[in-house]
Amino acid sequence: MENREKIIETAKEQFMRFGVRSVTMDDIARMAGMSKKTIYQEFSDKNQLVFESFSSALNEDIHCLENLPKINDGIIEHLVGLTAHIRRRFADMNPMVLNEIQRYFPQCWQLFEEFKKEHVLKEITDLLEKGKEEGFFRPEINTEVMALLRMEQMMLIFDPIKFPMSKFNPVELQLEIFEHFLYGIFTEKGREAYLNQKKQYNENHN
DNA sequence: TACCGC
DNA sequence: AGCGGT
């Protein structure tokens with residue numbers, strides 16, 4: 001693996017698990033098994049390393065989402081795939097990271113805002129429209145409002161004042177909120193299909 | 001690895 | 001004090 005690649009992989013993992021501020025450049029050099037000099041040959045400063053690592057993580061997310069069951073192959077299969085993705089994605093993630101980035105790494109935060117707007121919001125909107133067409137979601141819901149609501153819900157759990165990690169498991173919290181959202185927009189048909197699919201998924205993954 | 005300066 | 005940067 002190239003130095004640059006190794007640095008990014010190490011930084012990504014450490015930043016995500018322990019937070020951007022508590023992981024130092026010395027830590028990353030040590031974990032990557034190289035000197036700080038090598039790191040500073042590839043990255044001009046910590047800000048750039050955080051940016052590149054975060055950018056790489058977002059691209060990984062995009063890739064993962066593309067590998068889920070497609071919306072067109074079945075809304076409900078896609079939903080259950082999404083919950084599995086949430087479990088994986090949030091399992092090793094420190095919720096502090098996003099707050100640190102918002103406060104101390106503005107370019108990085110801007111990238112995240114673009115990601116939300118260009119990917120997350122579009123994904124949710126497609127899902128809602130398709131689900132309405134197929135009779136899984138109530139036709140009277142306002143797609144735009146519900147898509148924005150859903151995105152803000154996802155961001156809520158990263159507020160350590162509202163949802164302290166000591167009290168709530170981030171994965172379970174995210175799934176709790178996700179299911180509550182779904183039950184708010186399901187038709188009877190959608191609710192039953194979801195419960196069946198979940199049951200089937202659990203039988204196959206035990 | 002030692003060191004500086006914030 | 002401890003971390004980014006040399």
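Within every chain, numbering begins at 1; the chains are lettered A, B, ... in the order of the sequence lines, protein sequences first and strands thereafter. Model, not experiment: these values are computed from the prediction.
- S53(A) and S56(A) form no side-chain donor-acceptor contact under 3.5 Å, judged by distance and modelled atom types alone.
- Taking atom CD1 of residue I28(A) and atom C1' of nucleotide dG5(C), one finds them 13 Å apart after rounding to whole Å.
- Counting to the nearest Å, the C1' atom of dG4(C) and the CD1 atom of I7(A) are 15 Å from each other.
- The CD-C1' distance, from Q48(A) to dG5(C), rounds to 14 Å in whole Å.
- As a whole-Å value, the separation of K37(A) NZ from dA2(B) P is 16 Å.
- Rounded to an integer number of Å, the gap from Y40(A) OH to dT6(C) P is 7 Å.
- Rounded to whole angstrom, the span from the CG atom of D26(A) across to the P atom of dC4(B) amounts to 16 Å.
- A straight line from CG of L49(A) to C1' of dG5(C) spans 13 Å, rounded to a whole angstrom.
- Aromatic ring pairs are classed by plane angle as parallel below 30°, tilted from 30° to 60° and perpendicular above 60°; the pair H205(A) and Y201(A) is parallel.
- Annotation: side chain to side chain donor-acceptor pair (under 3.5 Å) contacts of T125(A) (sequence neighbours excluded): none.
- At the heavy-atom level, K36(A) lies under 4.0 Å from base atoms of the strands shown.
- Relative ring orientation between Y194(A) and F186(A) is described as tilted, the plane-to-plane angle lying within the 30° to 60° band.
- Atom NZ in K46(A) sits roughly 8 Å away from atom C1' in dC3(C) (whole-Å rounding).
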